[in-house]
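All heavy atoms count here, side chains included; hydrogens, waters and symmetry mates do not. As the structure lists them, so they are numbered: ligands from 1, and atoms in each ligand from 1.
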Amino acid sequence: MRIKVLGCSGGVGPGLRTTSLLVNDAMLIDAGTGVCDLSLAQMRKIGDVFITHSHLDHVAGLAFMADNLFDLIERPVRIHATAVTLQTLRDHLFNWKLWPDFSELPDKSNPLITWHVVKPGVPDRVNGHTLTAFDVLHTVPGVGYALEGKEGAFAFSGDTYATDDLWTALNALTRLDSLMIDVAFTNEDDELARVSRHFTPQLLGQELRKLRHKPKLYLTHHKPGCEEDIARETRKALKGWRYKHLRRGDVISL
Ligand SMILES: [Zn+2]
Ligand SMILES: [Zn+2]
């Protein structure tokens, strides 16, 4: 399993892109601005897109990818998300006002994208792997995804604050080799983290005591400009853990 990080920042700027993971060149988990660096040939290989939640930093690239692929693909790209997230995307993004509804283009019987409901706790089989959504706690309904194959297991929290749902789902996995998890704000911004439903290093360190596995941690979604402070605070908060501050272009291999 090869997971390429197309974007993992909490914002944009030179060298910074928002959340998107390319799995085995065929599937995306989230479709933030990182998608916009893919070539047309790379976009054409993507058959499935799994979305964690409706925020723009996780779906902006989907709008542009759909537009790029118009008239170029023979079969639709399958967009997977929870029912509530799909409804938000349809009502507020692909609504003919902000962007065309590509599930009706070029025509309804031959659309560019199709919608598929993800149910937390119910596994999907995708390209030889098992993908299971689990509930997290964010300002809008959100999920994370666990991706399991014979090579190992990877999980991505999506955007989340402290919640037992996250740890219960992860502890239920038979193994967990790699965990990509949100650390958006510094400890000093703990109130902002609480209201915007993201982790700080200190809070993540505390919460990780609930995890029975010892995965390698991949830390993501750092607010631009806060990377160095988050790194300094993480050294203290995650003592004893193997971890990496993710960067665009990194590859997580299992
Ligand atoms: Zn979010
Ligand atoms: Zn986000």
Go through the side-chain N and O atoms of Thr160 and Ser157 and say whether any donor and acceptor fall under 3.5 Å apart.
no
Candidate pair Tyr243 and His245, rule ring-ring contact (aromatic ring centres under 6.0 Å, His included), full reasoning:
CA-CA 7 Å; Tyr243 67 86; His245 295 276; 5.6 Å; yes
Name of whichever N/O/S atom of Asp57 is nearest to the Zn ion (ligand 2):
OD2
Taking both backbone and side-chain atoms into account, decide whether [X] has an N/O/S atom under 2.8 Å from the Zn ion (ligand 2).
| X | value |
| --- | --- |
| His198 | no |
| Asp182 | no |
| His53 | no |

Between Met27 and the options Leu131, Leu22, Ile46, the side-chain contact (heavy atoms from CB on, under 4.5 Å) test singles out Leu131
Taking the ring of Tyr145 and the ring of Phe156, is the distance between their centroids below 6.0 Å?
no
Proximity of Trp115 and Phe102 rings by center, below 6.0 Å
no
With rounding to 10 degrees, what does the angle His221:NE2 / the Zn ion (ligand 2) / His58:NE2 come to?
110°
The atom name of the N, O or S atom in Asp159 nearest to the Zn ion (ligand 1) is OD2
Shortest-distance N, O or S atom of His55 relative to the Zn ion (ligand 1)
ND1
Might you work through the side chain to side chain donor-acceptor pair (under 3.5 Å) test for His221 and Asp182, ending with a clear yes or no?
CA-CA 6 Å; His221 215 293; Asp182 171 339; 5.2 Å; no
